[in-house]
There are 2 protein chains.
Amino acid sequence: MGNYYSNYDKHYVALDCIIFGFEGGELKLLLLKRKFEPAKGEWSLMGGFLDKSESLDDGARRILHQLTGLNDIYMEQLFTYGDVNRDSGERTISVTYYALIKVDENDRKLAEAHGAQWVAINKVPKLIFDHNKMVNKALSTLRSKIVRKPIGFELLPEKFTLPQLQNLYEAINQEQLDKRNFRKRILEIGLLDKLDEKEKESSKKGAFYYKFNKEKYLLYTEKGLLFHFKVKKDNLIKVSSTEDLGI
Amino acid sequence: MGNYYSNYDKHYVALDCIIFGFEGGELKLLLLKRKFEPAKGEWSLMGGFLDKSESLDDGARRILHQLTGLNDIYMEQLFTYGDVNRDSGERTISVTYYALIKVDENDRKLAEAHGAQWVAINKVPKLIFDHNKMVNKALSTLRSKIVRKPIGFELLPEKFTLPQLQNLYEAINQEQLDKRNFRKRILEIGLLDKLDEKEKESSKKGAFYYKFNKEKYLLYTEKGLLFHFKVKKDNLIKVSSTEDLGI
DNA sequence: GTAATAAAGTGCCTTTTTTACACTAATAAC
DNA sequence: GTTATTAGTGTAAAAAAGGCACTTTATTAC
């Protein structure tokens with residue numbers, strides 16, 4: 001087998017990861033200041049080349065692990081970029097993934113060792129090649145995904161408060177939400193378990209911790225039921241660029 | 001340039017196209033009975049290998065042109081498949097595109113010359129490799145896309161009647177819609193122009209033709225406004241497989 | 001030419017969902 | 001014990017979605 005293919009071109013295939021984190025009430029990206037050519041010294045996404053013997057998903061996982069030391073990262077394929085002039089050198093096909101991680105001090109050090117930094121989503125600098133385009137697409141995909149799937153929890157610690165969760169939604173969608181309506185909607189989904197414990201750092205009164213009930217969620221999806229995690233109606237949307245939306 | 005890469009593996013990159021058409025009130029796919037190895041005689045999607053000098057989009061366009069003779073096809077990148085054992089022979093990365101075309105007698109002949117046939121979406125046979133997975137994903141993407149973007153018109157002739165349009169929505173979503181509510185919603189979007197002409201094949205009374213006003217639509221999107229093309233509420237969805245939804 | 005047939009076209013009312021809005025509760029700091 | 005700060009709670013009005021039945025138009029058959 002394989003001889004059918006012998007006439008065809010082969011290509012470099014890269015994996016680039018858009019890594020989201022949530023910290024200090026802000027949605028952030030993990031970006032690299034490149035220590036190697038090409039484009040040494042410029043900002044870029046974390047990436048690497050696909051090996052012959054690994055799947056795309058495995059490759060993306062490997063690259064995420066290299067940078068963060070983490071293993072069970074929530075990760076989804078985003079889009080594949082392949083314009084002829086998209087990078088310097090021989091054209092490389094780039095399959096992109098976005099990842100959601102819980103920012104943590106330990107991982108932070110590993111990331112810093114790679115020259116990586118957390119950058120607020122609205123302060124992303126000029127990145128090499130078409131990486132800014134990738135970031136924009138990842139952000140708009142995250143925004144539309146969060147309506148359909150409870151992925152926000154991937155960005156928060158195991159235990160979180162409702163004000164924290166609301167902050168996250170506000171940071172992702174860049175809009176203020178009504179506290180009462182937010183709580184009503186998010187609780188009526190029925191997948192949050194209230195704990196007896198309170199978080200007392202950020203207020204005198206303290207806010208109760210909640211946990212996302214993953215088992216219950218999986219039970220529902222197995223039955224073929226999916227929920228909307230909408231916190232706001234979205235019949236008419238304003239976007240800065242329709243291209244970013246992939247629409 | 002290019003020497004930075006010299007250590008990395010190169011890969012075959014294929015393009016596979018999921019081609020949708022609408023005919024006889026049914027949503028259909030253009031499928032091939034393969035005339036060549038590997039898997040000669042089996043059903044598959046139309047595909048081909050990426051050339052060194054073309055972008056992914058150009059490659060997909062080339063392949064669609066080969067099969068249909070058409071040039072201005074609505075086409076979008078769907079997903080990239082790269083499991084190590086996804087095909088026979090050396091692993092090939094497959095970048096998939098879905099396309100929406102207006103079925104036409106002329107094109108039909110060209111397609112048939114390639115051994116291609118239109119097959120109703122719920123009668124799709126077993127396809128080679130992971131092509132059935134691709135079809136399922138394309139269908140669920142089409143379903144969610146049609147809510148956000150007026151792409152249904154890509155499947156209909158220039159002039160179409162409201163009953164035809166409703167049939168299309170019903171075929172895509174596999175559900176019956178109320179005539180009155182459908183017309184109300186689709187017309188209040190304000191992007192359909194009623195013509196003075198009637199279609200008289202399918203009823204004695206005849207139904208007025210409408211045209212999709214693309215200029216008006218582009219004007220809106222340029223302003224950063226997007227509409228919902230929902231014809232039904234979708235807070236709670238039943239799906240047969242969550243994987244197909246890419247969720 | 002008139003009756004039968006068949007699909008196109010039209011409006012209103014009910015239910016559900018969304019939104020807007022303001023006070024009380026708990027605790028720590030002083 | 002007063003003050004300050006954020007957590008937590010319910011209701012009513014507005015908007016959207018959903019359900020439902022008759023009239024119109026033109027052809028065909030007699």
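Chain identifiers are assigned alphabetically (A, B, ...) following the order of the sequence lines, protein sequences preceding nucleic acid strands; residue numbering begins at 1 within each chain. All of these numbers come straight from a predicted model, not from anything done at the bench.
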Options [options], nucleotide nearest the side-chain atoms of [X]:
X         : options                  : value
Arg180(A) : dT27(D), dA8(C), dA22(C) : dA22(C)
Lys184(A) : dA8(C), dT19(C), dT6(D)  : dT19(C)
Lys205(A) : dG8(D), dA8(C), dA29(C)  : dG8(D)
Lys204(A) : dA21(D), dA26(D), dA4(D) : dA4(D)

In whole angstrom, give the distance that lies between atom [atom1] of [X] and atom [atom2] of [N].
X         : N       : atom1 : atom2 : result
Lys198(A) : dA26(C) : NZ    : P     : 8 Å
Phe160(B) : dA8(C)  : CZ    : C1'   : 16 Å
Lys194(B) : dA8(C)  : NZ    : C1'   : 10 Å
Glu199(B) : dT27(D) : CD    : P     : 13 Å
Phe208(A) : dT6(D)  : CZ    : C1'   : 14 Å
Asp178(A) : dA22(C) : CG    : P     : 11 Å
Asn167(B) : dA7(C)  : CG    : P     : 12 Å
Lys179(B) : dT24(D) : NZ    : P     : 14 Å

Taking any heavy-atom pair under 4.0 Å as a contact, classify Ser202(A): base, sugar-phosphate, or nothing.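 Counting heavy atoms under 4.0 Å across all strands, the contact made by Ser202(A) is with sugar-phosphate only.
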Quantified as the angle between the terminal helix axes (five pairs each), what is the overall bend of the helix from dG1(C)-dC30(D) to dC30(C)-dG1(D) to 10 degrees?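 One end axis against the other gives 0°.
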Non-hydrogen side-chain atoms of [X] and [Y] separated by less than 4.5 Å:
X         : Y        : value
Phe20(B)  : Ile18(B) : yes
Ile19(B)  : Leu29(B) : no
Gln117(A) : Trp43(A) : yes

With nearest nucleotide decided by heavy atoms, which residue, Gln164(A) or Asn181(B), maps closer to the 5′ end of DNA chain D?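 Upstream on the strand: Gln164(A).
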Check whether any side-chain nitrogen or oxygen of Arg183(B) sits under 4.0 Å from OP1 or OP2 of dG9(C), and answer yes or no.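 Yes, because at least one side-chain N or O of Arg183(B) sits under 4.0 Å from OP1 or OP2 of dG9(C).
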For dT17(C) and Arg185(A) - does any side-chain N or O of the residue sit under 4.0 Å from the phosphate oxygens OP1/OP2?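 No.
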Side chains of [X] and [Y]: is there a donor and an acceptor less than 3.5 Å apart?
X         : Y         : result
Asn181(B) : Lys184(B) : yes
Asp16(B)  : Thr96(B)  : no
Gln174(A) : Glu170(A) : no
Asp57(A)  : Tyr97(A)  : yes

